[in-house]
Every structure is written in C-alpha cells, then in structure tokens.
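Data block below; observations after.
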Amino acid sequence: MPFTAENRTKLDATIAKYPVRRSALLPALRLAQEQDGYISPEAIAEIAEILGVSTAQVHDTASFYTMFNLKPEGKTVIEVCTTISCALGGSEGLMKRTCKKLGISPGETTADGKFTVKPVECLAACGGAPAVQVNGEWLENATDKDMDRVLAGETVYRPFEWPKSPGEPVLFKNVWTPGSQSIEVYKKNGGYANLKKYLEMAPDFIVDEVKKSGLRGRGGAGFPTGLKWTFLPKDSPKPRYLCVNADESEPGTYKDRVIIEKDPHLLIESSIISAHAIKSKIAFIYIRGEFHEGARTLNKAIAEAYAAGYAGKNILGTGIDIEVVLHRGAGSYECGEETALLESLEGKRGQPRLKPPFPAVAGLYGCPTIVNNVETLCNVPFILERGAEWFASLGPEKNGGPKLYSISGDVKRPGSYEANLGRITLRQLIYDYAGGPRDGRKVRVVIPGGSSVPMLTENELDVQLDFDSVMKAGSMLGSAGCIVADDSRSMVALARNLSAFYKHESCGKCTPCREGTGWLYRMLTRIETGKGEMKDLDTLKSVCDSIAGRTLCAFGDAAITPVLSSMAKFRDEFEYYITNHESWTVKAETFAAAKGRG
C-alpha cells in the first residue's frame with residue numbers, strides 16, 4: 001500500500017536532511033517495512049519515484065541488506081545470534097529447541113504467521129550470550145524459559161548488565177550514573193560545559209592537539225587519528241563530511257554499544273567538536289541497523305542537543321553550523337569498512353570501493369570525508385580538556401589514552417572494560433577483570449582483537465594490550481574484542497563457526513572472497529562431521545592463499561585468519577578429526593585427554 005500521509009511526511013523530513021536524495025533510500029525502505037511488514041513491489045516502485053531513481057536500483061539495494069524483507073515474516077520475529085561468543089553460550093541449541101516447539105526449522109515462519117525464528121550473525125551482544133532480539137528488543141542471557149514466555153505471548157526484555165571497570169574511568173565516567181542518557185545528567189557531570197570554547201578554537205589547533213596526543217583509531221586499524229585528519233585536501237572547494245562509524249559488527253566487540261546506549265551525548269558532543277576540527281558542517285552517525293535501542297537513544301539525545309542549542313545553526317552563538325544526522329544501516333558487516341559505509345550512506349549496496357582515491361580525498365558524494373570510530377572520537381573532548389601530554393602519558397609510546405576492551409566467551413564476568421592502553425596484559429583482562437574461565441577450566445585460546453585477528457594460546461597471555469605489543473606477539477589488538485575459549489572447546493568447531501560468519505557476511509563483490517569463503521566453510525564442515533580427508537588441509541591452505549591480498553578490502557584477509565591461525569596452532573586436532581572420523585568431544589572433556597586415549 002502507498003505511504004500513509006503521516007509516513008510520507010516523515011519521509012520528506014528525512015530526505016531534507018541529506019545533500020543527495022538517494023541517501024534517504026535505506027530510511028525509506030525501513031519506513032515501508034515498518035508500515036506494511038515487508039517491502040512490496042509497490043513500495044519499491046513508490047520509493048523509486050519519490051527519490052528519482054529506478055526500481056531496479058531500489059530493489060538492488062533492498063535485496064542486499066539482511067534486515068530488509070521482500071516477503072512477509074511472522075508477527076513475532078525471534079532472531080538468535082549464532083556467531084562465536086553466542087555459540088559458546090549455547091545459542092545454536094537454544095534456537096533448535098525453540099524451533100522444535102514451533103514445529104519449524106531455523107529461518108522459517110509458523111503456518112499461522114505468528115512466529116519467525118531465524119539465526120543471525122553477531123549482534124554486538126557478546127557478553128549477553130546467548131543473545132536474542134525479539135522484534136528488535138534485547139533479550140540477553142536468554143534461556144529456554146525465556147523463550148517459552150515469548151512463545152506464550154509475553155514481552156521479555158533483558159538488556160545486558162554492564163559490569164563496572166576497576167579504577168576511575170574516563171570514557172565510561174557517566175555510564176553507571178542513573179539517567180545517564182539524558183542531557184540533564186550529562187550536563188551535571190560536565191558535558192557540553194566547554195563546547196563553546198572548543199568551537200571558538202581554530203580547527204587546525206584541534207587537529208594539532210589530536211596529533212600530539214598520539215590518539216590511534218579504536219575501530220581496528222590503529223591508524224593515527226590526527227594524521228588522518230591532515231590528509232584532507234586544503235585547496236578543495238567541495239564540502240567536507242564527517243562520518244562516525246557506529247556500525248559495530250566485529251564478533252567479540254561490543255564496546256561502542258555502551259556509549260551509544262548509556263552516554264549518547266558524549267558521542268554527540270565529540271562528533272560536533274571533531275566536525276569543527278575538520279571544517280565539516282555535517283556529522284553523519286552511521287549506526288548498525290540491529291542497534292534498535294541505540295538508535296532510539298541517540299535520536300532522543302540528538303533532539304535534546306538541538307533544543308539546547310548544542311547542534312544545528314549558530315551553535316551557542318559561535319557562528320558555527322554543524323548538523324548531526326543519524327543514519328541507520330540495515331544488516332551488513334561489510335559496512336564497517338569505511339568505503340562500504342559511504343556507499344551505504346549514499347543509498348547503495350554496502351560494497352567497498354577501489355582505493356585510491358581514499359575517502360579523505362574523494363569520499364561521501366565524491367567529497368573529502370573523514371570516517372572515524374565511535375570510541376576514537378569520544379577521546380577528543382578529553383584531549384582538549386586535559387591536554388595532549390596527559391593523554392599520551394597514559395600508555396606506552398605511541399599507544400596513549402584510555403582504551404575500551406570487550407571480553408566474552410568462556411569467562412565468569414564478560415563485559416566491556418576500560419583501562420589505560422597497554423597498562424594491562426591479556427592475562428589480567430581475563431583473570432582480574434573478567435574473573436577467569438568458568439567451572440575451574442583452563443584457557444585454551446584467545447582471539448584478542450575481534451574475530452579477524454590471529455589466535456593466542458594460554459602461554460601467550462602475558463602480552464601488554466596495546467597495538468604494538470600485540471603485533472609483536474603475532475596477533476593484532478584490532479577492535480580489542482577478546483574472545484576466550486576454554487579447554488573444553490573444539491578448535492575445528494570454532495574455525496567452522498567463524499567461516500560460516502564470513503561466508504554469510506561476504507558482500508559478494510570480489511570473486512576470491514565470494515567463492516572462497518564458501519569453499520572454506522564447506523571443507524571445515526566436512527572435517528567437523530568426520531568426512532574430511534588429509535588432503536583437505538592442503539586445500540584449505542591453498543584456498544586461503546587464493547584469497548589473501550586479492551580483494552578490494554581487508555575482508556578476505558580477515559576471513560582466512562581463523563582458518564590459518566587454528567590450523568597453525570592446532571593442526572593435530574584437525575588431523576584427529578580426519579583420522580578418527582569424529583569429534584574428540586564425544587570421547588573426552590579435553591583434547592589432551594582424547595589424544596591420550598588414542
């Protein structure tokens with residue numbers, strides 16, 4: 001059916017926020033789905049006419065994102081995360097048991113149209129494993145009893161209870177204050193107090209301070225933020241854009257979500273200051289579509305900031321104009337890559353661009369653009385308030401400042417914790433912060449920086465958690481999303497789970513990645529189910545070699561890392577599966593015990 005008058009008014013208001021009409025395509029598709037329950041051919045045609053694009057372009061975009069439905073689903077949609085941290089928490093069994101009660105298979109809808117149950121990839125709820133969303137609302141640490149209540153028609157809402165960090169936090173200083181999402185509480189704790197002063201500073205001065213601080217990007221690459229800002233061409237007549245990457249999708253990583261849901265005004269103020277620093281008049285916050293609660297929280301906070309004069313035209317009488325626009329994704333891990341994010345923001349498929357040119361030269365709408373992570377930008381106000389020297393002094397050389405570390409999997413107190421960068425070891429994070437493994441078990445393996453970095457074993461846990469130290473240890477700090485697996489876990493199963501994630505999330509643009517991830521998943525599944533052959537190990541290595549360095553973005557290299565890393569450190573386990581035609585977990589509690597039995 002056509003948009004209602006109310007929804008058409010909403011859409012027109014959304015279109016007005018963007019310099020280019022097509023950027024409103026994802027919001028338009030979401031609005032159509034919210035109105036009708038799915039995106040119909042009629043809705044596609046209407047949206048195409050409104051935005052001045054072809055129906056083929058609208059369908060091309062709608063069909064790419066996992067959150068858009070081209071056919072009706074159940075009245076209650078139960079989405080169960082099955083990626084590594086939640087899989088370690090038993091999510092696959094929870095989903096299968098729920099489906100059995102409904103008489104359906106995963107991904108299906110009941111005959112009466114009441115329920116759809118489907119697996120989804122990482123929801124950035126890794127500490128609340130197993131994590132479920134019911135019609136977009138959090139149900140973390142979900143149990144069979146919870147699912148029974150949902151199937152009985154009850155509303156069961158349980159977001160994660162964020163554990164406090166030891167010491168005096170900087171980035172998390174407001175998180176545990178009651179009402180921390182409100183502008184009143186944020187201002188009471190000092191928020192916005194210096195905004196006018198910062199907006200009256202020369203932009204180049206702010207850039208220089210950030211450079212001197214040594215702030216490195218917290219999204220994964222660890223590139224110096226101030227240096228990145230200097231890459232903007234000084235003589236370009238085109239407008240500049242700031243894009244905040246809030247598309248937190250790396251398995252094991254759920255630190256930005258804390259700020260988004262608990263301290264949204266910190267992100268808004270940080271975005272405004274950073275936009276001023278790079279001489280941008282618009283700050284786009286690209287938030288992942290699965291962050292339903294985070295989007296509501298940020299939208300409310302943005303409205304509060306505008307009403308108080310902290311955003312929009314002539315902020316606080318400074319003559320500075322900076323608009324803040326929240327743009328929701330629609331389900332695509334690839335949109336965490338900066339050029340794919342820009343494509344998505346332009347209303348297209350979230351697929352990477354060929355670089356160069358880099359976004360700083362030709363980014364959003366072909367204009368100079370900076371893309372920075374949420375945590376990265378939230379450091380900027382503190383650098384200006386306390387000084388670049390203070391920031392740099394908090395960590396080792398070239399690794400300064402406070403840092404957020406997520407930890408999940410087989411630990412007693414999963415959570416996102418704050419500590420000074422490089423001032424704690426991986427062992428301290430696991431045992432002192434997260435309480436160590438459960439049930440007296442031992443750590444078998446840790447992925448220290450999100451799913452796309454090499455594994456470290458128990459005897460490698462004394463590494464300092466900064467970018468350079470973890471690199472020297474043979475891995476990467478990445479997003480600092482630490483995933484712990486104890487000695488009851490199969491490394492073959494772990495590799496297979498992550499290969500399923502990368503197979504599902506490949507954007508499909510590059511052939512080596514599109515085809516290779518499927519090959520890896522199928523071979524690992526064959527080995528895990530006892531049907532593998534020794535030659536499969538060489539084939540796995542060969543496929544990985546065919547992907548490495550042959551894709552437009554780093555996704556291909558990320559996809560092969562769990563396979564190569566697990567085979568390098570646990571090849572004997574892979575050989576056990578092949579030789580014995582079964583998993584060692586059916587015979588013993590640990591692999592060492594299984595080997596001892598022959």
Side-chain angles (χ1 to χ4, degrees), residues 25-26 56-70 81-84 106-107 118-122 220-221 245 247 249-251 288-290 329-356 450-454 478 494-528 532 536-567:
L25 179 50
L26 265 64
Q57 288 173 313
V58 177
H59 187 276
D60 179 66
T61 298
S63 63
F64 177 80
Y65 296 94
T66 60
M67 293 180 68
F68 290 145
N69 305 316
L70 300 181
C81 175
T82 56
T83 312
I84 181 168
K118 58 183 181 181
V120 293
E121 298 300 340
C122 186
N245 189 342
D247 191 65
S249 307
E250 180 76 6
R288 68 176 298 187
E290 294 89 343
S332 170
Y333 168 81
E334 178 62 20
C335 287
E337 195 277 336
E338 60 180 3
T339 63
L341 182 152
L342 297 177
E343 287 287 292
S344 182
L345 185 48
E346 291 181 3
K348 305 169 187 174
R349 287 178 165 231
Q351 295 180 314
R353 299 173 180 173
L354 178 65
K355 294 184 287 188
S451 64
S452 56
V453 307
L494 186 149
R496 191 269 309 155
N497 179 276
L498 288 176
S499 72
F501 169 81
Y502 287 108
K503 173 182 176 293
H504 180 271
E505 293 297 338
S506 172
C507 76
K509 188 168 186 176
C510 303
T511 302
C513 177
R514 182 183 65 245
E515 300 301 324
T517 52
W519 272 80
L520 294 177
Y521 171 72
R522 288 189 294 272
M523 283 191 289
L524 287 167
T525 299
R526 188 162 66 237
I527 293 171
E528 186 185 15
D536 289 340
L537 300 181
D538 292 332
T539 305
L540 281 169
K541 177 65 166 57
S542 176
V543 172
C544 289
D545 290 343
S546 298
I547 297 172
R550 291 175 171 83
T551 56
L552 285 174
C553 74
F555 185 101
D557 291 333
I560 66 176
T561 296
V563 182
L564 293 176
S565 183
S566 58
M567 285 203 303

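Just so it is clear, the values below take in all heavy atoms, side chains as well, and ignore hydrogens, waters and symmetry mates. What you see is a predicted model, and the numbers here were worked out from it, not measured in a lab.
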Inset, instruction - Answer yes or no: is there a donor N or O on one side and an acceptor on the other, between the side chain of Asn497 and the main chain of Thr82, under 3.5 Å? - result: yes
Inset, instruction - Could you check Tyr521 against His504 for side chain to side chain contact (heavy atoms under 4.5 Å, CB included), going step by step and ending with a plain yes or no? - result: CA-CA 10 Å; Tyr521 171 72; His504 180 271; over 6 Å; no
Inset, instruction - Give a yes or no on whether a salt bridge exists between Lys355 and Glu337, defined as a side-chain N under 4.0 angstrom from a carboxylate O. - result: yes
Inset, instruction - Kindly indicate whether the side chain of Leu540, heavy atoms from C-beta on, has any atom under 4.5 Å from the side chain of Ile527. - result: yes
Inset, instruction - Give me the one residue out of Lys509, Arg353, Arg349 that meets salt bridge (charged side-chain N to carboxylate O under 4.0 Å, His left out) with Glu343. - result: Arg353
Legend entry - Any donor-acceptor N/O pair, Glu250 side chain to Ser451 backbone, under 3.5 Å: yes
Inset, instruction - List the steps and the verdict of side chain to side chain contact (heavy atoms under 4.5 Å, CB included) for Thr66 and Val120. - result: CA-CA 9 Å; Thr66 60; Val120 293; over 6 Å; no
Legend entry - Qualifying residue for side chain to side chain donor-acceptor pair (under 3.5 Å) with Lys541, from Asp545, Thr539, Asp538: Asp545
Inset, instruction - Give a yes or no on whether the backbone of Tyr502 and the side-chain of Ser506 come within a donor-acceptor separation of less than 3.5 Å. - result: no
Inset, instruction - Can you measure from NZ (Lys503) to SG (Cys513) and round to the nearest 0.5 angstrom? - result: 11.5 Å
Inset, instruction - Return the minimal non-hydrogen interatomic distance between Gly336 and Asn245, and the atom names on each side. - result: O-ND2, 2.9 Å
Inset, instruction - State, to 0.1 Å, how close Thr83 and Cys122 come at their nearest heavy-atom pair, and which atoms those are. - result: OG1-N, 2.8 Å
Inset, instruction - Compare every heavy atom of Met67 with every heavy atom of Gly331, then report the nearest pair and how far apart it is. - result: N-SD, 3.7 Å
Legend entry - Atom pair CD1/OG of Ile547 and Ser542 - distance to nearest 0.5 Å: 10.0 Å
Legend entry - Reported SG-to-CG distance for the pair Cys335 and Leu26, which is rounded to 0.5 angstrom: 8.0 Å
Legend entry - Spacing of SG belonging to Cys510 relative to CD belonging to Glu515, to within rounding of 0.5 Å: 12.0 Å
Inset, instruction - Ignoring hydrogens and angles, state whether a donor on the side chain of Arg514 or Thr511 is under 3.5 Å from an acceptor on the partner side chain. - result: yes
Legend entry - Smallest separation among heavy atoms of Ser332 and Asp247, with atom names: O-OD2, 3.5 Å
Inset, instruction - Could you give me the CA-CA distance, side-chain angles and deciding distance for Leu537 and Met567, then say whether side chain to side chain contact (heavy atoms under 4.5 Å, CB included) is met? - result: CA-CA 8 Å; Leu537 300 181; Met567 285 203 303; 4.0 Å; yes
Inset, instruction - Could you tell me which non-hydrogen atom of Pro251 sits nearest to which non-hydrogen atom of Tyr333, and how far apart they are? - result: CD-CE1, 4.1 Å
Inset, instruction - Look at the side chain of Tyr65 and the backbone N and O of Gly350, then say whether any donor-acceptor pair between them is shorter than 3.5 Å. - result: yes
Legend entry - Any His59 side-chain heavy atom under 4.5 Å of Leu70 side chain: yes
Inset, instruction - Return yes if some donor-acceptor pair links the side-chain N/O of Ser499 with the main-chain N/O of Arg496 below 3.5 Å, else return no. - result: yes
Legend entry - Phe501 side, atom CZ; Ser452 side, atom OG - distance, nearest 0.5 Å: 8.5 Å
Inset, instruction - Kindly compute the distance separating CG (Leu25) from NZ (Lys348), expressed to the nearest 0.5 Å. - result: 11.0 Å
Legend entry - Contact summary for Thr61 and Gly347, nearest pair of heavy atoms: OG1-O, 3.1 Å
